Amino acid sequence: MIGILSIDFDYFVNASSQARDMYFPNGSDEMPNNKLKSMWEERYLRYPELKKVGVIDDFYFLKKFLKELSIPRENFIKADSHKSIKNIIERLPRKSQLKIVNIDFHHDYYHYYRGNDYYNCGNWLRRVVEERSDTKVKWIRREDSQIYCLDGIFPFEHTDDIKSVYNEKFDYVFLCKSPEWTPPHINSKFEELCRTIERGTVLCSNKEYVS
């Protein structure tokens with residue numbers, strides 16, 4: 001079994017589900033960067049308190065965990081959108097069973113797509129399970145994460161205990177920023193997490209970046 005640690009930085013943003021609905025722009029991973037930037041600027045003007053949002057303590061726990069994790073450098077990918085995890089999935093043999101542990105504010109098992117947007121940040125996990133039905137899934141969520149989808153309750157293992165990562169074995173690490181869910185003033189925390197992973201990787205070949 002191949003273990004994939006999937007991390008969406010939006011998990012660490014110290015904002016409740018209600019606060020996100022109020023303060024964050026209604027963006028998407030298909031939105032041009034300049035438009036998303038102007039939407040965030042408008043939100044900061046309308047809600048000055050947004051500047052006070054930081055990260056939760058789980059951020060520092062995961063930093064410590066990642067320092068102890070040793071994987072080949074080529075097995076770490078960082079990206080903006082969660083849909084870029086397919087750059088890991090697609091290079092793994094179909095005959096290999098996957099175990100995806102997803103640290104994420106959202107379960108990403110939604111049905112949502114539009115136009116040519118068949119594979120996006122909100123449905124990538126559903127697509128993986130559709131294409132590789134023996135995939136095992138564990139979602140590490142926040143206490144107030146939405147656990148429902150059109151099928152009812154999220155149908156795989158889920159927990160709000162991030163410390164459960166110590167029960168897993170990982171061969172790959174994927175980290176995305178989800179800029180539509182991450183207030184720009186804490187981008188430095190995202191980069192801090194990236195550097196922590198990079199320092200723990202073993203140099204086998206050039207590192208791969210996805211944008």
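All values reported here derive from a predicted model rather than from experimental measurement.
Judged as a ring-ring contact (aromatic ring centres under 6.0 Å, His included), and not counting sequence neighbours, the contacts of Y166 are F61, F65. Residues passing the side-chain hydrogen bond (donor to acceptor under 3.5 Å, both in side chains) test with D10, sequence neighbours excluded: H106. Residues meeting the ring-ring contact (aromatic ring centres under 6.0 Å, His included) test with F190, sequence neighbours left out: F9.
Around atom CD of E143, no more than 12 heavy atoms belonging to other residues, nucleotides or ligands sit under 6.0 Å away. Atom CD of E130 is surrounded by more than 12 heavy atoms from other residues, nucleotides or ligands within 6.0 Å. Atom CG of N167 has more than 12 neighbouring heavy atoms from other residues, nucleotides or ligands inside a 6.0 Å radius. By the neighbour-count criterion of 12 heavy atoms within 6.0 Å, atom CG of N33 is sparsely surrounded, having that number or fewer from other residues, nucleotides or ligands.
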Side-chain atoms of residues 168-175: list all donor-acceptor pairs with protein atoms under 3.5 Å, sequence neighbours left out, distances to 0.1 Å.
{"residue": "E168", "atom": "OE1", "partner": "K99", "partner atom": "NZ", "Å": "3.0"}
{"residue": "E168", "atom": "OE2", "partner": "K138", "partner atom": "NZ", "Å": "3.4"}
{"residue": "K169", "atom": "NZ", "partner": "D171", "partner atom": "OD1", "Å": "3.0"}
{"residue": "D171", "atom": "OD2", "partner": "G3", "partner atom": "N", "Å": "2.8"}

Distance-only donor-acceptor pairs under 3.5 Å for side chains of residues 47-58, two or more places apart:
{"residue": "E49", "atom": "OE2", "partner": "Y23", "partner atom": "OH", "Å": "3.2"}
{"residue": "D58", "atom": "OD2", "partner": "Y11", "partner atom": "OH", "Å": "2.6"}

Derivation of the side chain to side chain contact (heavy atoms under 4.5 Å, CB included) call for K86 and Y119:
CA-CA 9 Å; K86 66 182 178 181; Y119 201 113; 3.4 Å; yes
Apply side-chain hydrogen bond (donor to acceptor under 3.5 Å, both in side chains) to the pair D144 and S17, showing each step before the final yes or no.
CA-CA 6 Å; D144 63 338; S17 178; 4.9 Å; no
Go through Q97 and I2 one step at a time and tell me if the side chain to side chain contact (heavy atoms under 4.5 Å, CB included) criterion holds.
CA-CA 6 Å; Q97 186 178 28; I2 299 175; over 6 Å; no
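Among I103, I162, D160, the one residue that satisfies the side chain to side chain contact (heavy atoms under 4.5 Å, CB included) test with R141 is D160.
Ionic pairing of K78 and E191 is present here: one or more N-O contacts between side-chain nitrogen and carboxylate oxygen are shorter than 4.0 angstrom. One finds no salt bridge joining E131 and R127 here, because no Lys/Arg side-chain nitrogen approaches an Asp/Glu carboxylate oxygen to under 4.0 Å. Ion pairing between R195 and E198 fails under the 4.0 Å rule for side-chain N and carboxylate O.
Taking all atoms of both residues into account, the shortest heavy-atom contact from V13 to R142 is O-NH1, 2.9 Å. Residues R132 and S96 come closest through the heavy atom pair NH2-O, 3.2 Å.
F154 and W139 have their aromatic ring centers within a separation under 6.0 angstrom.
The aromatic rings of Y109 and H107 lie perpendicular to each other, with more than 60° between the two planes, well past the 30° mark.
Contact of the N123 side chain with the D108 side chain is not registered, since no non-hydrogen atoms from C-beta on lie closer than 4.5 Å. When side chains are defined from C-beta on, V101 does not count as touching I4, because their heavy atoms never get closer than 4.5 Å. Looking only at side-chain heavy atoms (C-beta outward), F105 and W181 stay at 4.5 Å or farther from each other. A heavy-atom distance below 4.5 Å is found between the side chains of V165 and I140.
Every pair passing salt bridge (charged side-chain N to carboxylate O under 4.0 Å, His left out) that includes a residue from residues 181-190 is listed here, sequence neighbours excluded: K189-E192.
The same ILVMFWY cluster, assembled from side-chain heavy atoms under 4.5 Å apart, contains both V128 and V137. Linking ILVMFWY side-chain heavy atoms closer than 4.5 Å, directly or via other members, places V129 and I147 in a single hydrophobic cluster.
In this structure, the side chain of S81 does not engage the main chain of S84 through any donor-acceptor pair within 3.5 Å. In this structure, the side chain of S178 does not engage the main chain of E180 through any donor-acceptor pair within 3.5 Å.
Looking at H82 and N120, their side chains never bring a donor and an acceptor atom within 3.5 Å of each other.
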